[in-house]
Amino acid sequence: MLTTTRRGVMAGGAALLAGMATGRDAQAQSRRILVMASNQDIPNFDPHVANGYSASMALRNTYDSLVGVAGNPPKPVPQLAQSWTISDDGREYTFKLDPAAKFHDGSPVNAEAVKYSFNRLLRLNRGNAWMIAGVVDQNSVEAIDATTVRIKLVTPFVPFLSVLPWVWIVNPAQVEANKGSDDGQAWLRSNLAGSGAFRLRRAEAGNLYEFERVADAWRKGGGNLTGAIWKITRETATQRLMVQRGEAQIAVDLTSEDMDSLKGRAGVNLVIEPEYRTFSMKMNTRHGPLQDANLRRAIACAFNYQGMLDVAGYAELMKGPFPESIDGFDKDLPVYRTDLARAKEYLAKSSTPNGGIKITVAHVSGLEQQRRWALVLLDSLRALNIELDIKPMIWPDMVSAARSPETTPDIFMVYQTANYGDPDNLAFAGYHSSRNGGWQNPTYANPEVDSLLTQARAESDAEKRRALYVRFQRVLMEDSPDIFGVLEKRKLAMRSNVQGFAFTPVASNAIDLFPLSLG
Amino acid sequence: MVGYILRRLLLLVPVLLGLSMLVFAIARLLPGDPVALAAGPNATAADVASVAREFGLDQPLVVQYWNYLTGLFRGDWGVSIFTRRPVAEDLAAYLPATLELVLAAMLLAIGLGIPLGLMAAVFRNKWPDFLARTVSLGAISMPRFFLGLVFQLLFAMWLGWLPLSGRFPLTEDPPPQITGMLTVDALLSGQFHAFGVALSYLALPAIAMCLSPLATIMRMMRASTIEVLQQDYVLTERALGLSQKLILFKYVLKNAISATLTVIGLYFGWLLGGTVLVETVFDWPGIGLYATQAVLTQDFMPIIGVTLCIGAIFVTVNLVVDMLYGLLNPKVRYQ
Amino acid sequence: MSSTTAHPRLESWRRGLYRFRQSWVSVLGLLIVSVLLVLAIGGQHLAPYPQHIAGLVDTSARLQAPSTTYWFGTNELGQDVFSLVVAGTRISLLAGMAVVIVGAAFGVFVGAIAGFLGGWVDEVLMRLADLKLTVPGLILAMAVAAALGPGIVNMVFAIALSWWPGYARLVRGEVMAKREETFVLASRAMGAGTNRLLWKHILPNIMSPIIVKMSLDMGFAILTVASLGFIGIGVKPPTPEWGSLLSVARVNMPDYWWTAIFPGLAIFMAVFGFNLLGDGLRDLLDPKARR
Amino acid sequence: MNPPSLDTDTLLEIDDLNLAMRSFEGEIQVLNGVSFAVKRGEIWGIVGETGSGKSLTGLTVSRLVPTPPGRYLRGSVRFQGQDVLKQSEETMRTLRGRRIGMIFQDPTTNLNPTFRIGTQLVDVALHAAKLDPTILGLPAGASRRARRAAAEKVAIARLEEVGIPNAAERVNDYPHQFSGGMKQRVLIAMALIGRPDLLIADEPTTALDVSVQAQILRLIHGLVEEHNLGVLFITHNLGVVAQLCTHVAVMYAGAIVESGPVRDVLKHPRHDYTRGLLASVPKPSMKRGELRGLAGGALAAEALAPPPPRAAPGGTIMAIEHVVKEFPGARRGFFDRAPPVQALRDVSLNIRQGESFGLVGESGSGKTTLTRCILQLEKITSGRIVYDGIDLAAQTPQQMQALRARIQIVFQDPYASLNPRMTIRDIIAEPMEIHHGKLGLTPRQRTDRAAELLEQVGLTTQHLNRFPHEFSGGQRQRIGIARALAPKPDFLILDEPTSALDVSVQAQVLNLLHDLQSRLGLTYFFISHDLGVIRYICDRVALIHHGKLVEQGETEDVFTNPRSDYAKMLLAAMPDPDPDLSPLRRREAVLL
């Protein structure tokens with residue numbers, strides 16, 4: 001329990017008390033604690049249940065996975081697995097575990113633990129389970145010997161290595177000891193059973209989480225941090241001020257305006273990098289006026305892309321469903337850009353040639369950028385004599401509205417983050433009809449797209465796969481189900497004494513503490 | 001008096017029961033689909049249904065309420081659908097911060113509001129009165145969130161006198177947890193340095209929060225003091241030569257305070273329910289933020305829990321106020 | 001001393017007016033409220049950039065500091081903050097008024113019934129009102145507004161929901177006091193029915209405290225509306241509501257302070273004005289504040 | 001007025017005192033050349049009607065008139081030679097409580113409700129002892145504790161002196177645990193604790209019942225004799241002055257119109273106003289219709305043309321038979337209630353057609369409850385109320401509604417009994433609207449009748465569209481009467497209709513009532529605590545005490561030959577405006 005952890009701290013604190021008055025400064029010196037300001041709480045530490053970037057941050061530092069991710073573009077790197085081999089048909093992966101790897105309680109991280117973890121993830125079917133659901137099943141993971149794991153995929157899945165950093169390995173002994181009636185969920189929610197370089201020292205829900213370096217961690221090297229604090233700071237302006245004042249070393253949720261105001265300040269480094277996080281406005285292709293493809297095209301042509309970019313700040317316009325850096329991106333794709341004449345042409349071909357209709361757009365209330373873009377859209381649509389009703393909705397309502405085409409708003413704003421650098425990640429979730437009713441693709445369905453995506457998933461030949469995705473992009477552009485928005489750049493502010501940070505465009509706000517040092 | 005207290009305590013039961021019913025009904029009748037959200041972004045309809053089953057949400061509302069109610073008696077406040085954390089645990093984590101803030105604000109408001117109100121009444125229609133009234137009206141009119149922002153800019157950013165946000169230096173260990181209120185815990189464990197530090201963090205949000213009750217208490221105190229000053233017995237006391245000081249601080253004060261007391265009780269509850277604005281600005285990890293988070297995700301167990309918890313505190317505080325009122329008013333006491 | 005009951009009404013009006021004029025703060029309040037009313041009525045015509053209110057964005061002119069072109073500067077969409085703030089007056093005033101009127105109407109209805117009928121009706125209604133008072137208003141309003149979705153009507157409803165018990169309590173007390181007044185007794189002795197007693201004798205005589213409370217509540221209602229807007233549960237964009245304007249702009253502090261300061265000041269001024277006026281009105285109308 | 005002499009016995013000399021008050025209407029002079037002097041052993045009655053400035057005169061002596069809004073224009077107020085108007089507030093405090101004691105009208109509001117009476121007395125004693133340590137009988141420099149203990153002893157002694165039984169225990173009680181008369185005694189004890197030379201009593205008995213009033217008067221009289229005090233006794237009641245005072249000053253509109261030894265002034269009034277005032281008080285010798293009111297400070301012209309003689313009383317119109325009314329006791333615990341309170345205990349009386357029936361009782365005796373029961377505003381517990389042969393309690397609401405037109409009531413407080421938001425026309429027309437079925441008048445006719453009624457009660461049609469606040473108390477009471485007459489009743493309950501009015505106005509209203517009765521043949525059920533008024537207007541009278549009728553009969557009979565002890569006591573307690581009839585003075589004569 002977290003409270004017990006805190007009790008422990010209390011005891012330690014009491015012991016320290018004597019030397020407190022004099023020892024305070026010295027103690028601060030010897031402790032190198034990195035403070036990260038973020039607006040997301042970490043409500044759950046169960047590696048097979050939790051999701052969200054805050055949980056990812058906590059888990060990637062306290063647990064280990066078979067492979068990690070690093071570099072730009074991101075590449076799988078060894079973590080628990082020292083090395084791996086892939087069968088020719090791409091369906092069998094064999095991992096060689098690092099024999100030094102051990103859990104915090106000292107027991108080794110062995111193949112059984114890997115198997116246990118995969119199966120638990122699948123069994124619970126929560127958290128990141130969707131990443132491997134349908135790809136791996138209960139019988140796929142096989143412990144060959146203590147340090148060898150073989151995973152047989154149910155279907156070919158090219159980006160398999162890209163999802164592995166998000167499958168964490170738990171200590172089966174500890175989970176089994178606290179299994180309860182819910183497969184250890186209650187216990188793991190607030191207790192760690194991992195092997196990562198850090199462990200939780202202090203948890204104050206809604207306020208902060210302090211991590212400390214595991215003294216005898218199996219993974220050697222890395223930075224000099226003795227600990228880190230994930231401080232929940234809801235206001236981005238406050239996050240910025242904290243970095244500015246040196247109260248925090250890293251802020252992860254800054255706006256473009258924040259970045260502008262930090263620019264050129266002494267002691268602050270800014271990281272502004274493209275990332276696999278797309279923003280698009282999904283149009284309801286199954287219900288309401290936007291079933292009419294011409295109207296969709298008209299809107300896509302009328303939209304003020306420059307205005308969108310202006311208010312977005314550090315971002316670039318999307319040129320189709322994929323970021324440019326993703327393999328499979330079609331460089332020659334003809335994208336819609338602001339062209340009123342063309343918009344009016346499309347409008348004339350639609351069932352409402354003179355506009356005069358009212359459509360709705362939903363965005364997540366509180367997401368400032370979405371609000372701004374909704375306003376830009378409102379302004380743009382006036383040129384087509386289309387009225388826009390902006391509905392800020394809370395996220396649960398958005399999710400439930402997406403359930404059926406009838407309740408889905410005409411336009412549905414959505415961010416999609418690629419958890420791995422593969423086109424499948426964005427394309428399958430966003431455009432495959434099996435995902436209809438989910439928020440990533442509430443309505444769009446096209447059998448041709450479905451078959452292209454299913455084929456591409458299994459296609460191990462890179463060239464053929466690329467061709468499939470190009471074809472997919474062309475079909476999609478013709479259908480125009482989305483207004484392709486922007487790729488917002490990742491904006492991190494960092495004190496200049498933070499060393500060892502290397503940007504990776506995957507979940508880069510879930511800071512990997514291991515390599516970091518404080519100078 | 002004892003009978004009175006017992007009767008009031010007994011009355012708490014139906015009130016809390018009614019409150020729980022009301023809140024439960026409101027929270028559960030709101031539209032929205034928190035279950036889908038909890039099931040995760042990639043959940044299928046079957047997944048959603050299984051989550052609903054897991055939380056007993058497929059049962060009739062009455063059954064759900066009954067389960068909730070019986071759970072309450074076991075100390076089980078339900079589980080957040082969204083985070084799957086027990087609400088009781090969350091409340092234990094968030095509530096002390098809010099209580100500390102509200103108590104500090106109330107202490108400030110009472111400590112300053114009563115003497116200021118007394119002063120304004122004594123100098124009625126003279127400049128101290130006008131000043132106090134205008135400033136207090138200004139304070140009531142100032143949106144707390146706006147004031148918080150201005151405070152942060154002024155005292156934390158530009159002057160650098162006080163910390164920007166939070167409750168305690170991040171990299172230092174807080175005093176051992178006893179009540180969860182850092183200043184109190186620091187005092188209880190004798191860590192006076194930590195007390196000072198915690199106090200410096202508490203100062204800005206508490207001040208931003210206290211202004212409105214301060215002004216109300218001041219105005220109330222002023223009004224009731226003026227009323228008391230016009231009472232016949234004050235004339236008698238003056239006519240018999242008692243000093244102005246004695247009349248004011250002994251005879252008038254006691255009568256005037258009892259009228260103000262009710263406002264204090266009401267304000268306490270009001271502040272508890274309205275901390276979210278200040279907590280947002282100062283990143284004060286309190287119940288208001290928790291509630292807002294729950295509202296935004298329509299996570300009804302925390303909503304019910306918070307509302308019920310605040311309601312219970314409110315009712316209790318008002319019970320205490322009523323008892324104090326009885327202590328100050330012999331007529332009530334002897335009934 | 002013995003003639004406190006002898007305040008004739010006209011005299012007290014004159015006396016009140018005299019007091020009202022005596023207190024410069026009340027006059028100031030009246031002045032502020034008058035300006036707000038003018039802005040609320042003629043805002044669309046007074047705003048220099050009415051098209052910005054309707055939603056025109058000009059991203060090339062975003063976040064400009066106050067100047068002679070843009071008195072209060074521009075926001076992140078390049079809209080004129082002054083125009084938005086002026087346009088927000090109507091929303092805030094309307095919403096505030098609606099909250100107060102809806103809350104008061106319902107509260108008066110409940111309070112009058114409870115106070116007049118007494119007995120178990122009174123018990124039930126008042127326990128309900130007490131219960132309502134124990135539910136934190138802002139959280140309830142948040143929950144309801146969030147559930148109903150944004151929009152002025154929903155917001156007004158959500159806030160008014162926690163507004164009525166205050167009126168119910170006030171009216172009940174006043175009705176109970178007035179019910180025992182001799183002139184009501186006189187009418188009862190003549191054989192007057194409930195309707196006549198309530199509408200002709202009791203309610204007209206308790207209007208003063210209700211009006212005073214309403215005017216004092218106006219400011220608070222505006223504040224609550226703004227608070228909901230600030231939390232982000234309020235009106236729909238592009239409606240320029242002060243709380244939402246401030247909420248959106250707080251991320252711009254302190255660099256683009258004008259986007260936040262001016263809506264904040266507008267809220268402050270409106271609430272301040274109504275509070276001053278309400279205070280003055282209380283001196284004018286509330287028998288308890290007289291003497 | 002004699003020039004003030006510097007007699008050593010002279011406590012207070014007020015000379016040409018002029019005071020102005022600022023209000024929203026501008027500055028008004030409220031005291032206009034007031035002069036008189038008080039010596040030790042003298043009891044000066046300051047008598048006058050509402051607004052005559054008598055209370056302000058009393059407050060001025062302790063300089064308790066707030067300035068502003070007050071402003072002294074001219075004159076001096078010398079207390080034992082010092083002009084209090086020129087003293088500092090500090091010096092004034094050495095006079096207040098120590099040299100000058102004060103008591104005020106309403107004993108229930110003049111004690112601080114949240115403190116034990118002991119605390120309040122002790123604080124006054126400690127204050128006085130600072131100026132005169134002998135009060136506590138302790139050497140200077142005694143410890144705080146000793147001083148407190150001594151002060152408490154003194155407080156108890158004083159309470160005993162003013163006749164509080166069990167004083168040593170009762171110092172720990174709170175004011176609400178005392179009755180009105182006891183509270184006034186406590187206040188007198190408080191005023192006397194510093195052994196003052198001058199006692200200023202501002203209407204100290206007005207809020208009390210006659211019997212209690214008599215006790216308090218006796219107490220004050222005794223204290224003057226014992227301590228050789230000077231007393232300034234402010235009152236509107238000439239009877240009280242006649243009973244208690246040695247001297248009297250009659251005030252009218254801020255000026256003293258006449259002053260001197262009480263016998264001289266009351267027996268041989270020189271000023272018109274004094275004469276008028278005396279003529280306004282009903283006296284046993286007066287026949288109905290002989291009472292004369294005052295107008296503009298002078299005696300009013302003779303009454304209007306004498307009313308036609310009244311018809312002889314007929315048979316019983318209202319029979320009250322064994323009426324009992326109980327109220328549920330106060331809640332004591334969760335389930336527990338105090339036993340029920342019996343407000344009326346087996347009350348029976350008959351009222352005859354066309355007569356005036358008086359009901360006399362002190363506060364809490366059940367008079368008001370009885371009227372409410374008659375009006376069916378309260379349900380009686382048992383017994384019957386039969387009006388014109390009809391059992392009222394057995395009527396359906398519809399039947400009762402019709403009966404209500406016949407039984408009307410005029411209330412005590414003319415300020416509270418008229419709806420301030422309605423015009424006079426609407427007020428008078430209201431019963432006609434309610435009893436539309438019986439009267440069948442069109443709105444136009446109602447207005448006409450309202451005008452007619454107004455003229456009948458001595459007002460004019462111009463008053464129809466005005467609001468109640470534009471009228472004086474007496475005028476309002478006339479409006480109340482007009483309203484009661486509107487549905488053409490034959491039975492009128494008059495619930496203390498004149499007790500809130502000044503005597504001169506009371507006289508006018510009594511005359512009007514008499515006149516109306518003669519003209520319209522009404523039956524009056526007249527409730528009052530004022531025996532003089534009852535004797536003046538009623539044919540028969542009943543005395544009620546603690547909810548029980550103790551005596552009833554022909555008025556003259558009861559008054560001249562009371563049988564019950566209670567009636568005897570009441571009659572003895574009633575202050576008569578003839579100083580020669582003062583029991584206090586009789587004793588004084590014996591003592592001398």
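Values in this document were obtained by computation on a predicted structure and should not be read as measured data.
- The contact between D:Leu418 and chain C is made entirely by backbone atoms, counting heavy-atom distances below 4.5 Å.
- D:Ile409 and C:Ala189 get closest at one heavy-atom pair: CG2-CB, 3.9 Å.
- Note that CZ of D:Arg404 is 11.0 Å distant from CE of C:Met190, once rounded to the nearest 0.5 Å.
- Comment: D:Glu433 engages C:Arg196 in a salt bridge, judged by a side-chain N to carboxylate O separation of less than 4.0 angstrom.
- The minimum heavy-atom distance linking D:Ile434 with C:Ala192 is given by the pair CD1-CB, 3.5 Å.
- Ranked by heavy-atom pairs under 4.5 Å with chain C, the list D:Arg483, D:Glu430, D:His435, D:Met422 is led by D:Glu430.
- Interface remark: D:Pro487 contributes no atoms to any contact with chain C (heavy atom separation under 4.5 Å).
- Around the CZ atom of D:Phe327, the shell of radius 6.0 Å holds more than 12 heavy atoms that belong to other residues, nucleotides or ligands.
- The distance from the CD atom of D:Gln376 to the CZ atom of C:Arg188 is 11.5 Å, given to the nearest 0.5 Å.
- Atom OG1 in C:Thr182 sits 8.5 Å away from atom CD in D:Gln412 (nearest 0.5 Å).
- Among all heavy-atom pairs drawn from C:Ala186 and D:Ser417, the shortest one is CB-O, 4.3 Å.
- Across D:Leu375, D:Thr206, D:Asn419, D:Ile407, the residue that shares the most heavy-atom pairs under 4.5 angstrom with chain C is D:Asn419.
- Of the two parts of C:Lys178, neither the backbone nor the side chain holds a non-hydrogen atom closer than 4.5 Å to a non-hydrogen atom of chain D.
- Applying the 6.0 Å contact sphere to CD of C:Glu180 captures more than 12 heavy atoms from other residues, nucleotides or ligands.
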